[in-house]
Amino acid sequence: MMSSKLNFVRNIAFLPQRMLSANATMQEPEAPKIVTKLPGPKSLDLIKELDAVQNSGAVQLFIDYEKSIGNYIVDVDGNTFLDIYSQIASVPLGYNHPAMIDVIKNPKNISTLVNRPALGVLPPRDFVQRLKSSLLVIAPQGLSEVQTMACGSCSVENALKAACFWYQQKKRGGESPSDEELESCLWNQSPGAPNLSVMSFSGGFHGRTFGALSCTHSKSIHKLDVPSFDWPIAPYPRYKYPLHEHKQENKAMDDRCIAVVEDLFEKYKKKDCPVAALIVEPIQGEGGDNHGSSYFFKEIRRVTRKNEAAFICDEVQTGCGATGRFWAHEHWNLQTPPDMVTFSKKMLSGGFFYKPEFRPDKPYRIFNTWLGDPAKMILLEAVIDVIFKQKLLDQIRDSGDYLLDNLIEIEKKYPQLVENARGKGTFAAIDFKTSELQSEGIKRLHKHGIHCGGSGNRTLRIRTTLTFSKKHVDVLIDRMNRAFYEM
Ligand SMILES: Cc1ncc(COP(=O)(O)O)c(C=O)c1O
Ligand SMILES: *[C@@H]1O[C@H](CO)[C@@H](O)[C@H](O)[C@H]1NC(C)=O
Ligand SMILES: *[C@@H]1O[C@H](CO)[C@@H](O)[C@H](O)[C@H]1NC(C)=O
Ligand SMILES: *[C@@H]1O[C@H](CO)[C@@H](O)[C@H](O)[C@H]1NC(C)=O
Ligand SMILES: *[C@@H]1O[C@H](CO)[C@@H](O)[C@H](O)[C@H]1NC(C)=O
């Protein structure tokens, strides 16, 4: 099924001068180049203008996306950075990738690009084909159905709802909801609005909408002043590195966390607020690049099954290849797959995959106006073709191994600054010793032309595109050396 639509990718894959851009004069730079103070004068002017109409406190730089290419971004002041943050982990192939430009240029795609349908009621003629040649090609094993959504939070929010529907449907044993349920839910009262909970993990991040936010525990600024559900929060493992030197301690850590998960299931059952679903990230992406072992996740799968709760794997940040497998949960070799997998970011479209038993029994239960965007799906189709045709997952595993070896060298060279190098694929990180060193380190890396960001309160978060290769690792490590040498 893949081969016919791969033709256009094959054409560009073997034509080096076309490979870099639709604009033949554009080439990925060899190295970063910083020519002004950061932010430069043009960025500062634009920040000021923006600040007149909204809070621009998070804006770092204004970017010239026309000039940005591959793994490099260029700002409005002409500074060129190697980008290891990729728009908060959301750029699949790099900037201005030719395969994506071809999609936009193809006149056959115009109607998909200009008309945004209400997908739940009036999908386009080729919608089933679009699903089959994009999302369903990379559906996680055992999850044969998919629901598209707009963003990551929206995907999580709706997966949580689908879990609650499923839980209550099981409880009703196929009966229709009672009149009392139909009436009481309109008043936010049980039994129609039942006492159910969702278990999540300390340090986790699942988005900022109301339901998802009750599962988010990474930073106070995300949660302050917002009412939350009283839902159980379990500890997520925090391993000692290097892993091979701390096997027993880390296993004991897993066992302690799992024991708490089991206790919380019991506690919330006793509170008459049973856990309908457990949501977890394969690697905590915002909360500090905390990894969980295969053993930990196998145990989580076992405990969720025992308690008849849905197991939702939030792969918004880990999905789409960065860990060297298309889905990070594939690293665990689970015997029973997760019940739902949420995605967004590098997938371009949000949404979630699910087992057929999680399909809502009625229309309009999982619904909104757009329910995603076919324009993003035709781009995703091109992205998936490039990933497979150019064997980018193999490349990510290679550059990831090379990156980790180099990060370990950096750690040995600057033991007063950094520790705990870790990663899967290029989804990698290193901890600074303190929060102060984290902000200082990130600032200095920016000055040396590495666009990067943090996670947790002391971690450098590395989130590359899928075209990040060993030559990019060399540039990164060279710049890290320059930055850390100064500190
Ligand atoms: C694991 C995870 N889930 C959910 C989200 C929320 O996605 P969005 O910011 O698109 O709403 C994020 C965003 O960083 C995430 O990392
Ligand atoms: C190609 O890129 C160069 C450099 O950014 C730019 O000057 C030129 O106008 C572009 N050409 C086309 C046809 O887009
Ligand atoms: C959209 O553009 C791509 C790239 O040119 C092409 O392969 C694809 O067939 C187009 N889609 C449709 C529906 O024609
Ligand atoms: C749900 O919880 C509320 C408040 O904690 C309680 O008043 C209500 O009786 C509970 N309902 C059920 C069905 O357990
Ligand atoms: C980071 O936050 C964790 C959890 O809140 C806390 O225990 C730790 O001391 C903090 N570390 C630093 C370096 O501030």
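The minimum heavy-atom distance between Gln395 and Leu466, with the atom names listed, is NE2-O, 4.2 Å. The two atoms that bring Thr426 and Thr464 nearest to each other are OG1-OG1, 2.7 Å, heavy atoms only. Residues Gly453 and Ile442 come closest through the heavy atom pair C-CD1, 3.7 Å. Closest approach of Ala159 and Thr342 over heavy atoms only: CB-CG2, 3.8 Å. The two atoms that bring Thr216 and Gly207 nearest to each other are OG1-O, 2.9 Å, heavy atoms only. Minimum heavy-atom separation, Phe296 to Pro237: CZ-CD, 3.6 Å.
Partner of Tyr85 under the side-chain hydrogen bond (donor to acceptor under 3.5 Å, both in side chains) criterion, out of His451, Arg461, Gln60: Arg461 alone. With Gln284 as reference, Arg238 is the one residue of His291, Gln317, His217, Arg238 to meet the side chain to side chain contact (heavy atoms under 4.5 Å, CB included) rule. Shown are Met347, His329, Glu281; of these, the side chain to side chain contact (heavy atoms under 4.5 Å, CB included) with Glu315 is made only by His329. Of the residues Phe201, Trp332, Phe311, the one that meets the ring-ring contact (aromatic ring centres under 6.0 Å, His included) test with Phe297 is Trp332.
Trp231 contributes a side-chain N or O that, together with a main-chain N or O of Leu196, makes up a donor-acceptor pair within less than 3.5 Å. A donor-acceptor pair under 3.5 Å is formed between the side chain of Lys223 and the backbone N or O of Leu213. Distance alone, capped at 3.5 Å, is enough to place a donor-acceptor pair between the Arg479 side chain and the His448 backbone. In terms of modelled atom types and a separation under 3.5 Å, the side chain of Asp314 and the main chain of Ile279 share no donor-acceptor contact. Side chain of Ser190 to main chain of Asn195: no donor-acceptor pair is present (N/O by atom type, distance under 3.5 Å, no hydrogens or angles). For the pair Lys161 (side chain) and Ile366 (backbone), a donor-acceptor distance under 3.5 Å is absent. In this structure, Asn406 contributes its side chain and Tyr402 its backbone to a donor-acceptor pair below 3.5 Å. Side chain of Arg422 to main chain of Ala429: no donor-acceptor pair is present (N/O by atom type, distance under 3.5 Å, no hydrogens or angles). In terms of modelled atom types and a separation under 3.5 Å, the side chain of Glu381 and the main chain of Ser134 share no donor-acceptor contact. Looking at Thr459, its side chain never comes within 3.5 Å of a backbone N or O of Gly454 through a donor-acceptor pair.
Checked for salt-bridge contact, Asp64 and Lys67 meet the test: a charged N lies under 4.0 Å from a carboxylate O. The pair Arg444-Glu440 meets the salt-bridge criterion, since a charged nitrogen lies less than 4.0 angstrom from a carboxylate oxygen. A salt bridge is absent between Glu308 and Lys171; no separation between the charged side-chain nitrogens and carboxylate oxygens falls under 4.0 Å. Salt bridge status for Lys424 with Asp289: absent, with no side-chain N to carboxylate O gap under 4.0 Å. Between Arg301 and Asp339 there is a salt bridge, with a side-chain nitrogen of the basic residue lying less than 4.0 Å from a carboxylate oxygen of the acidic one. The pair Asp401-Arg397 does not meet the salt-bridge criterion, since no charged nitrogen lies less than 4.0 angstrom from a carboxylate oxygen.
Atom NZ of Lys355 has more than 12 heavy atoms from other residues, nucleotides or ligands within 6.0 Å. By the 6.0 Å contact criterion, CD on Gln416 is enclosed, its count of non-hydrogen atoms from other residues, nucleotides or ligands being greater than 12. More than 12 heavy-atom neighbours from other residues, nucleotides or ligands sit within 6.0 angstrom of CD on Glu357. Under a cut-off of 6.0 angstrom, the local environment of CZ in Arg359 is sparse, with at most 12 non-hydrogen atoms contributed by other residues, nucleotides or ligands. Heavy-atom neighbours of Leu243 CG from other residues, nucleotides or ligands within 6.0 Å: above the threshold of 12. In the displayed structure, Lys443 atom NZ is contacted under 6.0 Å by at most 12 heavy atoms of other residues, nucleotides or ligands. Within a 6.0 Å radius of CD in Gln335, other residues, nucleotides and ligands contribute 12 heavy atoms or fewer. Around the CZ atom of Phe229, the shell of radius 6.0 Å holds no more than 12 heavy atoms that belong to other residues, nucleotides or ligands.
A 4.5 Å side-chain heavy-atom check between Val275 and Asn307 finds every atom pair outside the cut-off. Residues Glu262 and Arg302 are in side-chain contact: their nearest non-hydrogen atoms beyond the backbone lie under 4.5 Å apart. By the 4.5 Å heavy-atom criterion applied to side chains, Lys240 and Asn250 are counted as neighbours. Counting only heavy atoms from C-beta outward, the side chains of Leu334 and Lys298 approach each other to under 4.5 Å. In this structure, the side chains of Leu371 and Phe367 come closer than 4.5 Å at one or more pairs of heavy atoms.
No donor-acceptor contact under 3.5 angstrom links the side chains of Asn457 and Ser435, judged on distance only. For Asp431 and Tyr241, the side-chain atoms include no donor-acceptor pair closer than 3.5 Å. The closest side-chain donor-acceptor pair between Ser349 and Asp373, if any, does not fall under 3.5 angstrom. Side chain to side chain, Glu145 and Tyr354 meet the donor-acceptor criterion of an N or O pair below 3.5 Å. A side-chain N or O of Asn481 and one of Tyr414 form a donor-acceptor pair less than 3.5 Å apart. Between the side chains of Asn79 and Thr36, a donor-acceptor pair is found at a separation under 3.5 Å. Side chains of Asp254 and Tyr239: a donor on one and an acceptor on the other come within 3.5 Å.
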- With salt bridge (charged side-chain N to carboxylate O under 4.0 Å, His left out) as the test, would you mind laying out the steps for Asp255 and Lys251 before giving the verdict? CA-CA 6 Å; Asp255 287 329; Lys251 162 85 166 42; 2.9 Å; yes

- Message: Please determine whether salt bridge (charged side-chain N to carboxylate O under 4.0 Å, His left out) holds for the pair Glu286 and Lys219, giving the CA-CA distance in whole Å, both sets of side-chain angles, and the decisive distance to 0.1 Å.
- Response: CA-CA 9 Å; Glu286 299 283 321; Lys219 285 200 182 124; 5.7 Å; no

- Begin from the C-alpha positions of Ser200 and His206 and carry the test side chain to side chain donor-acceptor pair (under 3.5 Å) through to its verdict. CA-CA 9 Å; Ser200 55; His206 300 284; 5.8 Å; no

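Geometrically, Lys271 engages Tyr268 in a cation-pi contact defined by less than 6.0 Å to the ring centre and at most 45° from the axis.
Residues Phe353 and Phe358 keep their aromatic ring centres 6.0 Å or farther apart.
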